[in-house]
Protein chains: 2
Amino acid sequence: MPFTYDYPHPAVAADIAVFTLRRGALNVLLIERGEPPHKGAWALPGGFLQPDEELDDCARRELLEETGVDAELLLHFGNFSAPDRDPRERVISVAYLALLPSDELRLEASTDAAQARWFPVDDLPPLAFDHDEILGRALGALSSQARRISPLFALLPGRFTLSQLQGAYEAVIGEDAEKRNFRKMVSALECVRETDDFAHGAHRPARLYEPAAAWINPGRDTGRTSATPPSGARS
Amino acid sequence: MPFTYDYPHPAVAADIAVFTLRRGALNVLLIERGEPPHKGAWALPGGFLQPDEELDDCARRELLEETGVDAELLLHFGNFSAPDRDPRERVISVAYLALLPSDELRLEASTDAAQARWFPVDDLPPLAFDHDEILGRALGALSSQARRISPLFALLPGRFTLSQLQGAYEAVIGEDAEKRNFRKMVSALECVRETDDFAHGAHRPARLYEPAAAWINPGRDTGRTSATPPSGARS
DNA sequence: TTACTTAGTGTAGTCAACACACGAACATGC
DNA sequence: GCATGTTCGTGTGTTGACTACACTAAGTAA
């Protein structure tokens, strides 16, 4: 790294793709821009990095400020750095995805947003800046994450039925799952613990489950650093 | 995203963990810093983003400038943004990993580096800044990537034997593989094509293989966007 | 009491991953 | 040139994982 640096610094912002389930379908939170550029267009929420703030904290703060909720899962999935992606000045976008339980839907448009709204990911309006590209990448990353099941807890209430969990899985992956196989998978992953309570609806009550401890905020797989020692490949 | 932004902009840099194989072992390229801070300490190569440059291009350029080689695989695996990670000023580090064939070892220390050297990843010196954390994350990401086999081509010459490929796999994963199963896996992935030539050594010659087309620079898995249409989960 | 809907479970078949042993081909040294 | 040593390269049987599939259980509502 050079010890002098004469070039102008870019702005750095976090943009967040916030997903939730509404009526069984995956929805993403968009804001309608209240100011130029792209005034009137829909965009992902986001904002600029502050001086003494880590990027992860910036994303969490912006999300809290712009939507009023604190996300349980905030995952960085990419940077977007095209020099002309923002006409005002150079902005490096650090992109995150977040998941919210479907019942926390208190949307509060902030000053610079005309309104905030949920959109089904299958029926999106045109987006400002390069946010369509960012959102596409977010959906891909989300789908990969969901196969580990535990990230889906952030989409559900604290206790949930296995049918709810399967519904979230199907909504995120975009494919149907077979009931018994899904339950076998969840059982094998040992990521839920059954409770003694049941959800009562119009039909047979379903047992409620909760996340097993240590599955909140699961680390990324780090291969070598967390793996058992190699069996002899090292000399 | 707010339309005004009064905070100072951070510097943005790319740091690159460059890996290669030397005598069968995974090595990483480090430079000895020639200037404060951390003068005399070893660090990952890297440098600052220029005004009209994408982050990916910055990483590639810095690597070319500091080591004289053009990397075939440059993969972003994380950002590092602790406010005090660089004592000079705030620097956001965008971290990449790169793979080089083991025979391209023309190291040219640039002006700000006293020297550049390969280190086995099992025997590293103390590193400057937070580069030990960056390198740890790089090793984890590399191990995940290697399971797809095709990224390993960047560690090998243009044509290689299956034993060489297996050696690269084992060095990166950190575990031994079983020969026949490894070959079956490679065969199933259809990522190599056999040639009519053989490598002649001290013993029975081994057939040379080359990467199958379309496996250079493989895209990330994007789930929904590249998957077959869902079978009915969407209404 | 009946009808309806969802909850919840076990098995058989298929496929992929794993462990395993040997003959083939070439270089080298005697 | 012959024997020896080393790596190359292949097939099979076993095991565990994933897939597909159908019924009974339990409650609500009419």
Side-chain angles (χ1 to χ4, degrees), chain A residues 21 23-24 143-144 146-149 156-157 159-171 173-210 227-228 230-233 235, chain B residues 21 23-24 143-144 146-149 156-157 159-171 173-210 221 223 227-228 230-233 235:
Chain A
L21 293 176
R23 309 191 316 120
S143 179
S144 299
R147 291 171 203 279
R148 295 193 354 247
I149 297 297
L156 298 173
R159 304 204 298 179
F160 46 82
T161 69
L162 292 184
S163 295
Q164 284 179 291
L165 185 59
Q166 181 174 348
Y169 179 83
E170 291 171 337
I173 301 285
E175 294 172 24
D176 286 338
E178 206 279 329
K179 181 164 64 166
R180 272 168 294 192
N181 297 334
F182 178 80
R183 285 167 189 242
K184 231 175 302 182
M185 176 176 66
V186 170
S187 168
L189 288 173
E190 293 182 329
C191 58
V192 297
R193 182 174 41 222
E194 73 176 30
T195 71
D196 293 331
D197 298 326
F198 292 80
H200 293 267
H203 302 289
R204 173 175 171 176
R207 185 179 289 276
L208 287 169
Y209 290 78
E210 61 189 11
T228 54
S231 57
S235 58
Chain B
L21 292 177
R23 309 191 318 120
S143 179
S144 299
R147 291 169 204 281
R148 295 195 351 251
I149 297 297
L156 298 173
R159 304 204 297 179
F160 46 82
T161 69
L162 292 183
S163 295
Q164 284 179 291
L165 185 60
Q166 180 174 349
Y169 179 82
E170 291 171 338
I173 300 287
E175 293 171 24
D176 284 338
E178 207 279 330
K179 182 164 67 167
R180 270 166 294 194
N181 296 334
F182 178 80
R183 284 165 190 242
K184 236 176 296 184
M185 176 177 65
V186 171
S187 168
L189 288 173
E190 294 184 330
C191 58
V192 297
R193 183 175 39 222
E194 73 176 30
T195 71
D196 293 331
D197 297 326
F198 291 81
H200 293 267
H203 300 290
R204 175 175 170 176
R207 184 179 289 276
L208 287 169
Y209 289 78
E210 61 189 10
D221 67 330
T228 53
S231 56
S235 56

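Just so we're on the same page: letters track the sequence lines, and every chain starts at 1.
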Roughly, in whole Å, what's the span from [atom1] in [X] to [atom2] in [N]?
X         : N       : atom1 : atom2 : result
Asp197(A) : dA7(C)  : CG    : P     : 17 Å
Glu178(A) : dC23(D) : CD    : P     : 14 Å
Arg207(A) : dA25(D) : CZ    : P     : 17 Å
His200(B) : dT28(C) : NE2   : P     : 12 Å
Phe182(B) : dA19(C) : CZ    : P     : 15 Å
Met185(A) : dA20(D) : CE    : P     : 13 Å

Closest of dT9(C), dA20(D), dT10(D) to the Lys179(B) side chain is dT10(D)

Side-chain atoms of Phe198(B) come closest, of dC21(D), dG8(C), dG9(D), to dG9(D)

Does the [X] side chain pair with the main chain of [Y], one donor and one acceptor, at a distance under 3.5 Å?
X         : Y         : result
Gln164(A) : Leu156(A) : no
Thr161(A) : Ala206(A) : no
Glu194(A) : Arg207(A) : no

| request: Would you classify Thr161(B) as touching base, sugar-phosphate or nothing, given that sugar-phosphate means primed atoms plus P, OP1 and OP2, and contacts are heavy atoms under 4.0 Å? | output: nothing

Determine whether a donor-acceptor pair (one donor, one acceptor, N or O, separation below 3.5 Å) exists between the side chain of [X] and the base of [N].
X         : N       : answer
Arg183(A) : dA7(C)  : no
Arg204(A) : dA26(D) : no
Lys184(A) : dT11(C) : yes
Arg180(A) : dA7(C)  : no

Between Ser163(A) and dT6(C), does any side-chain N or O lie under 4.0 Å from OP1 or OP2?
no

Here the pair of heavy atoms bringing Glu170(B) nearest to Ala177(B) is OE2-N, 2.9 Å

Correct closest heavy-atom pair for Phe198(B) and Pro205(B) would be CB-CB, 3.9 Å

By nearest-nucleotide position on DNA chain D, the 5'-leaning member of Asn181(B) and Ala202(B) is Ala202(B)

